Amino acid sequence: MKFDDDLIINAKKEICETKDIINLNKLKIKYLGKKGYISSQFLLIKKLNKKEKISKSIIINYQKKIIKEIIQKRKKEIEFKINSKQYLSQEIDISLPGKSIKMGSEHPLSYIIKKIENFFIKIGFQIVIGLEIEDSFHNFDALNIPKNHPARTKKDTFWLDKNILLRTQTSNVQIRIMKEKKLPIRILTAGKVYRNDCDSNHTPMFHQIEGLYINNNVNFVDLKGILSLFLNFFFGKKCKIRFRPSYFPFTEPSLEIDVLNKNKKWIEVLGAGMVHPNVLKNVNINSSKYCGYAFGIGVERLTMLYYNISDIRLFYKNDLRFLKQFKLNNFI
Ligand code: DAH
């Protein structure tokens with residue numbers, strides 16, 4: 001074996017003549033493999049003196065690099081030929097229409113929650129997120145709900161153990177926020193709540209939106225004003241609403257609002273009132289200095305009125321015939 005100055009020329013000729021990948025791989029081993037031409041050229045320089053060693057190794061490294069490049073280029077050429085042969089042998093009818101992609105749409109409840117949140121954000125409410133698994137202090141006790149209240153029984157509430165439950169109302173967030181945040185507080189929270197109930201107007205899980213405003217000069221007129229404004233925005237000015245005196249343990253005075261539906265029936269959509277001084281006391285807020293209002297909106301009820309839907313269970317059946325009707329509220 002001697003130094004081969006024509007190595008590149010010879011290798012190139014041979015490589016360019018190969019027609020398939022198997023033979024190309026054989027040539028790769030022949031030239032670049034462990035026992036290949038390039039390796040044997042390197043073995044030859046061992047006998048040379050230092051100066052010659054350097055100049056020869058530069059040449060051999062160059063040969064190696066060029067042969068590698070020629071092999072890579074040839075590989076691409078062979079692959080391209082194989083692919084184009086395959087494409088040409090297939091019969092592709094480019095005039096066929098493509099498959100259309102079916103777009104999903106936003107669930108009506110998500111859309112309505114967003115719509116309500118956007119209204120309250122605009123008038124200064126901050127959106128917060130609460131817990132769905134709660135303890136009885138935040139869901140009942142701190143909200144001034146007596147120990148013997150029927151809502152606390154297993155018949156109504158899903159208890160996880162003696163003290164822990166799936167929240168029955170978003171009012172639990174009022175307590176957590178009043179404990180954590182500095183005054184004044186103006187928050188809105190939307191989320192799932194759970195009650196042991198199921199018929200055309202009730203599902204065991206449904207959604208509420210809770211609002212809370214605490215400051216040193218809040219009054220009942222503010223509450224009525226904000227709720228009228230909201231319902232006018234939501235249903236339009238023509239919609240008929242009525243305020244009705246009511247009772248909740250955590251507000252005093254309390255009210256409920258009904259909306260007149262298409263069948264001239266009054267449907268209750270929200271409860272509200274001035275936060276009870278006992279509730280403020282439970283979270284260490286001085287009720288002689290501060291007061292506030294709270295409200296709880298039934299999201300399913302409002303959505304049913306908005307779209308004229310008669311059965312609440314339709315929201316959760318995943319029936320495409322129902323869901324497709326809300327295409328207009330698409331993501332795009
Ligand atoms: N938590 C009540 C319910 O689930 C709704 C409610 C009424 C919330 C009055 C409030 C309120 O914040 O002030 O029926």
Side-chain angles (χ1 to χ4, degrees), residues 107 109-110 112-113 116 127-180 187-212 244-258 267-284 292-304 311-318:
H107 193 279
L109 291 174
S110 310
I112 293 295
I113 289 175
I116 298 172
I127 304 295
V128 297
I129 298 172
L131 299 176
E132 283 178 36
I133 295 179
E134 192 50 284
D135 55 34
S136 44
F137 175 77
H138 293 86
N139 195 86
F140 293 128
D141 304 337
L143 285 160
N144 201 33
I145 298 174
K147 285 268 188 253
N148 59 356
H149 196 283
R152 293 192 184 227
T153 62
K154 274 189 199 152
K155 216 177 133 276
D156 283 331
T157 299
F158 294 110
W159 289 90
L160 302 181
D161 74 17
K162 254 193 202 158
N163 186 38
I164 307 294
L165 49 92
L166 295 181
R167 70 171 172 192
T168 60
Q169 49 186 351
T170 43
S171 306
N172 66 329
V173 184
Q174 288 187 28
I175 304 301
R176 295 215 169 254
I177 291 293
M178 284 192 286
K179 270 170 45 181
E180 278 164 25
I187 59 100
L188 191 88
T189 184
K192 295 181 169 67
V193 298
Y194 302 83
R195 287 181 204 174
N196 198 354
D197 229 347
C198 197
D199 59 37
S200 64
N201 277 315
H202 300 90
T203 46
M205 184 280 294
F206 59 102
H207 295 80
Q208 286 187 337
I209 292 181
E210 190 88 9
L212 175 72
R244 195 163 33 78
S246 186
Y247 171 78
F248 297 102
F250 34 90
T251 45
E252 184 60 35
S254 306
L255 62 87
E256 277 177 302
I257 300 184
D258 303 330
I267 307 289
E268 174 210 323
V269 292
L270 64 84
M274 300 306 291
V275 177
H276 198 291
N278 286 351
V279 174
L280 295 175
K281 208 169 98 196
N282 290 337
V283 290
N284 294 325
Y293 61 67
F295 55 88
I297 303 172
V299 178
E300 277 78 356
R301 287 277 174 84
L302 226 54
T303 313
M304 285 166 83
D311 190 328
I312 190 174
R313 290 168 296 197
L314 282 167
F315 289 126
Y316 301 110
K317 280 198 169 150
N318 280 339

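No hydrogens, no waters, no symmetry mates; every other heavy atom, side chains included, goes into these values. As the structure is a prediction and not an experimental result, all values here were calculated from the model.
Here Arg152 pairs with Asp141 in a salt bridge; the nearest charged N to carboxylate O distance falls below 4.0 Å.
In this structure a side-chain-to-backbone donor-acceptor pair under 3.5 Å is missing from Arg301 to Ile267. In this structure, Asp135 contributes its side chain and His138 its backbone to a donor-acceptor pair below 3.5 Å. For Glu132 (side chain) and Arg167 (main-chain N/O), no donor-acceptor pair under 3.5 Å exists by modelled atom type.
Rounded to the nearest 0.5 angstrom, Phe248 CZ and Glu256 CD are separated by 4.0 Å. Separating the CG atom in Asn201 from the CE atom in Met304 is a distance of 5.5 Å, to the nearest 0.5 Å. In this structure, the separation between CD1 on Ile133 and OH on Tyr194 is 8.0 Å, given to the nearest 0.5 Å. The CD1 atom of Ile209 sits 4.0 Å away from the CD1 atom of Ile116 when rounded to the nearest 0.5 Å. One finds the NE2 atom of His207 at 6.0 Å from the CG atom of Leu109 (value rounded to the nearest 0.5 Å). Considering CD1 of Ile129 and CD1 of Ile177, their distance stands at 10.0 Å, rounded to 0.5 Å.
Counting heavy atoms from C-beta on, the side chains of Val193 and Phe206 come closer than 4.5 Å. Residues Leu212 and Met178 are in side-chain contact: their nearest non-hydrogen atoms beyond the backbone lie under 4.5 Å apart. Looking at Leu302 and Ile297, their side chains come closer than 4.5 Å, going by heavy atoms from C-beta outward. In this structure, Phe140 and Pro249 have side chains that are not in contact, with every pair of non-hydrogen atoms separated by 4.5 Å or more. Taking 4.5 Å as the limit, some side-chain heavy atom of Ile175 sits within range of a side-chain heavy atom of Phe137.
Residues Thr189 and Gly130 share a closest heavy-atom pair of OG1-N, 3.9 Å. Ser254 approaches Thr251 most closely through the heavy-atom pair OG-OG1, 2.7 Å. The minimum heavy-atom distance linking Gln174 with Ala294 is given by the pair NE2-CB, 3.3 Å. Residues Thr157 and Leu165 come closest through the heavy atom pair CG2-CB, 4.0 Å. Between Ala190 and Ile113, the shortest heavy-atom contact is CB-CG2, 3.7 Å. Taking every heavy atom of both residues into account, Thr203 and Arg313 meet most closely at CG2-CG, 4.0 Å.
More than 12 non-hydrogen atoms from other residues, nucleotides or ligands lie less than 6.0 angstrom from CD1 of Ile127.
With no hydrogens or angles considered, a side-chain donor-acceptor pair links Ser171 and Glu210 at under 3.5 Å. For Glu134 and Asn139, the side-chain atoms include no donor-acceptor pair closer than 3.5 Å. For the residue pair Gln208/Gln169, the side-chain donor-acceptor check at 3.5 Å is not satisfied.
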Query - side-chain contact (heavy atoms from CB on, under 4.5 Å) assessment of Phe158 paired with Asn196 - result: CA-CA 7 Å; Phe158 294 110; Asn196 198 354; 4.0 Å; yes
Test side-chain contact (heavy atoms from CB on, under 4.5 Å) applied to Phe315 and Thr303, step by step
CA-CA 10 Å; Phe315 289 126; Thr303 313; 3.8 Å; yes
Review point. Stepwise, does the side-chain contact (heavy atoms from CB on, under 4.5 Å) test hold for Lys179 with Val283?
Key: CA-CA 5 Å; Lys179 270 170 45 181; Val283 290; 3.8 Å; yes
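Between Tyr316 and His107, the ring planes lie parallel to each other; the angle is under 30°, not in the 30° to 60° tilted range.
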